[in-house]
Amino acid sequence: MIAPPPREGTGHFSRGIHPPGHKEATRDKRVVVMDTPEHLEIPLLQNAGAAAECKLRPNSLVEAGDLLADSGQGLSAPIHASAAGKLGRTVKTTLPNARHVDAVKLTPSADAPSRGHLLWAKLSASRWDPVSALSFSPEEILTRIRAAGVVGMGGATFPTHVKLTPREDKPARRLLVNGCECEPYLTADARLMEEAAGAVVTGALCAARACGAYRVDIAVEDNKPAAIAALKDAAAGTWVRIRKVETKYPMGGEKQMIRAVYGRVVPEGGLPLDVGVVVINVSTAASIAMAVLHEEPLTHRVVTVTGPAIREPRNLFIPVGASFADVVAQCGGLTDRASRVISGGPMMGFTIPSLSVTVTKGVNGILALESEPKTSKTETACLRCGRCADTCPLNLVPARLVQASRHRRFDLAKQNHILSCMECGCCAYSCPAGIPLVQWIRAGKSGVRKSMPPRRGS
Amino acid sequence: MDASPPLSLEVASSPHIANTRATTRNMMFDVFIGLSPVLFVALYQHGTSALWRLGLCGAVCALTEAACDKARGRAHTLTNGSAVLTGLLLALSLPPTAPPAMILLGGVVSIALGKAVFGGLGQNMFNPAMVGRAFVSVAFPAAVSGAAYVTDGMSGATPLAAFRQERAFPPLGDLFLGNVSGSLGEVSALACLIGGGYLLLRRSASWQIPVGLLSTLLMLGLLRHASLGSPDEWNALHELSSGAVLFGAFFIATDPVTSPLSHKGRLFFGVGVGALTWFFRAFSGYPEGMMFAVLLMNAVTPLFNQFMVPKPSGAVA
């Protein structure tokens, strides 16, 4: 197939919603390095794919940034020590997505210098030289990314070196860096772009060189003018382009962003690579820069800790393995009316069952909401008003998916493209009848998947 | 882990926020606002006789809804406003001389047979107000005949009946402002356009249905006009602004429950209502066919929902 000529997007995508941003609480607060907590529990699975295996014995002493665990599998990423200290036993821990995995206990030593401060100083330095990315070969960049354990930090935690490895059948032409952060409340990416713009731009160039993309665009929603200005400044003299897009949910969805920036439509069930695009998050880009230029493994990340039930909302630079309880405690604790604590944003985040879950490489926000009857409406009958269809960015008819799922008609659900749903939640947000559409669609999807293979095979 | 009290956290599915302004009640309230110009014209033209008919019909529908809820042992659903809305729509579609018995019966049938038997709001197949209207027009043929539209203020047949019988029709200006006889809600094209425009702006009614309906009727009207010959005859604009077309296009056919879900389905639904209305007008024994057109298209709405699945983003073929 002949490569189509590069096209431009309009900065918009169809449908979607405009929820209130709620970003005021932390938008203008500089990133603060979290004090190293007394205990860390570092999960050995923090990526999509295979878990890492810890070869170190309990009671061994490790330096900050030392390799803790790795895996021989292709789809995996190594895990490093977030602080210097003494290893404890391997225990079971709960990830924010409710998965139970092995974790290594680490007791940071009190007298060791804080790795968080060191890393943040490097990240937010003003002397990043983006063009230095070119002095590394693509192979070298990929090796360093793998060694540093970089995974997708927007939430999917797909190992970055795998994503960036060039594929003969589907060449990557454009690298799109996701600085949209369309979830309400969250400001971690916005702060990172503002305070560590040099790292973001440098990482984007490294990633582009690794995957062979000849164009690099950083997409930022137009409600973040300070981030746009900082990035433009950092990108001056490079061919990285900063693309302002409309503030709209879910602009940070890959398909919506590609539509807005390049005007191209990712095929149903396909990947961005099908239209020659590789998408990475801005936090991932910054981590790539740290991995390639400083050979610093990914052990810390910026997290927005916010919401009406957090006493002192802030943007924290948090060591991987810190418990939500410790993080929340450093933000003044929860108010008495706290009812839900969410890992991620309010649209797609997971509620966590207890504060003992740990922060992983994929956690971009910790949001605490108060109990108020307004957060969830009482469910009434579906009016078939079609607002769900009016807002679905993928042009599905969510009401029909729900209907099929409710009646366990998984054939109908599949026929109505239930598997294309990305669970962005626009439908449930807009539903006048307060129907939990996403929940029903998830149930429907799992029903479709369960009923699929035998039928297909025969 | 300091001395914080034991915390019980809710576990729930995303999304964790909702648009609290989007509620069923607010949607119904929007339709009330949209109806207000139409109600104003009805009250202005017929005064107290319109007032008590509207009030009676709304009250009957609300009571029937309450009774049905009670009979089925479920919490009352009156506060969502849909029953009163059905009552108003029914009253507005009846002649200004409708006898109380007709209103009572129409209201009861609308809610009980039009809605409750299907399982209440959201489950009904047919537009409840039109079910009631169809019932009374069969049960009280005299009360919906041409003579029923003769009132103190307005004499003479409705424009559609007059055209059918004598090839006579009022000037467009009268049709536009409502200076003609007709059902309580249908006479003024202007009022329907203002109220309907509000609903479309608020997206409380989907634009696809009125656009499909009116454009179809316009085209068929042009055809009919061409076949009639002389230029000052009944033309396509008469077709649009007479009878129940505008009222039906904006307030009846747009009922979300009984119209298709997808945009494309709604467009075709509108086209179907428009074409059937024209067909009934041109070829049936009735001067007006809006009500039957809506009911017939309601019947095929499940088919639209079944077969007009919009193509998802990025889907091939």
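Numbers restart at 1 for each chain; the letters A, B, ... are given by sequence-line order, proteins then strands.
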Compare every heavy atom of [Y] with every heavy atom of [X], then report the nearest pair and how far apart it is.
X        : Y        : result
A/Ala433 : B/Thr24  : CA-OG1, 4.0 Å
A/Val265 : B/Ser313 : CG1-OG, 3.9 Å
B/Pro15  : A/Tyr429 : CG-N, 4.2 Å
B/Arg266 : A/Gly386 : NH2-CA, 3.4 Å
B/Val11  : A/Pro353 : CG2-CA, 4.0 Å

Heavy-atom check, side chain of A/Pro432 versus side chain of B/Asn26, under 4.5 Å: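 Result no, sub-4.5 Å side-chain heavy-atom pair not found.
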State, with a plain yes or no, whether a side-chain heavy atom of A/Arg384 is found less than 4.5 Å away from one of B/Pro256. no
Neighbour count above 12 (heavy atom, 6.0 Å) for [X] [atom1]:
X        : atom1 : answer
B/Phe268 : CZ    : no
A/Glu38  : CD    : no
B/Phe118 : CZ    : yes
A/Arg99  : CZ    : no

If I measure from the heavy atoms of chain B, does [X] come under 4.5 Å with its side chain, its backbone, both, or neither?
X        : answer
A/Ile342 : side chain
A/Asp390 : both
A/Ser354 : backbone
A/Pro20  : neither
A/Leu367 : neither
A/Pro267 : both

Establish, from distance only, whether the side-chain atoms of B/Ser14 and A/Arg442 form a donor-acceptor pair under 3.5 Å.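 Note: B/Ser14 and A/Arg442 side chains meet the donor-acceptor criterion.
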Pick from [options] with the largest number of heavy-atom pairs that fall under 4.5 Å of chain B:
options                               : result
A/Ala98, A/Ala381, A/Pro346           : A/Pro346
A/Glu268, A/Met348, A/Lys255          : A/Glu268
A/Ile17, A/Asp274, A/Val328, A/Ile352 : A/Ile352

Spacing of [X] atom [atom1] and [Y] atom [atom2] [to the nearest 0.5 Å]:
X        : Y        : atom1 : atom2 : value
A/Arg387 : B/Asn19  : CZ    : CG    : 8.5 Å
B/Lys311 : A/Leu396 : NZ    : CG    : 13.5 Å
A/Cys385 : B/Asp255 : SG    : CG    : 11.0 Å

So what's closer than 4.5 Å to chain A heavy atoms on [X]: side chain, backbone, both or neither?
X        : answer
B/Met28  : side chain
B/Arg203 : backbone
B/Asn305 : both
B/Ser204 : both

Highest number of heavy-atom pairs under 4.5 Å with chain A: which of B/Val257, B/Thr258, B/Val309, B/Thr254? B/Val257
Any chance you could lay out the side chain to side chain contact (heavy atoms under 4.5 Å, CB included) test for A/Thr351 and B/Leu9, step after step, and finish with the verdict? CA-CA 8 Å; A/Thr351 50; B/Leu9 293 177; over 6 Å; no
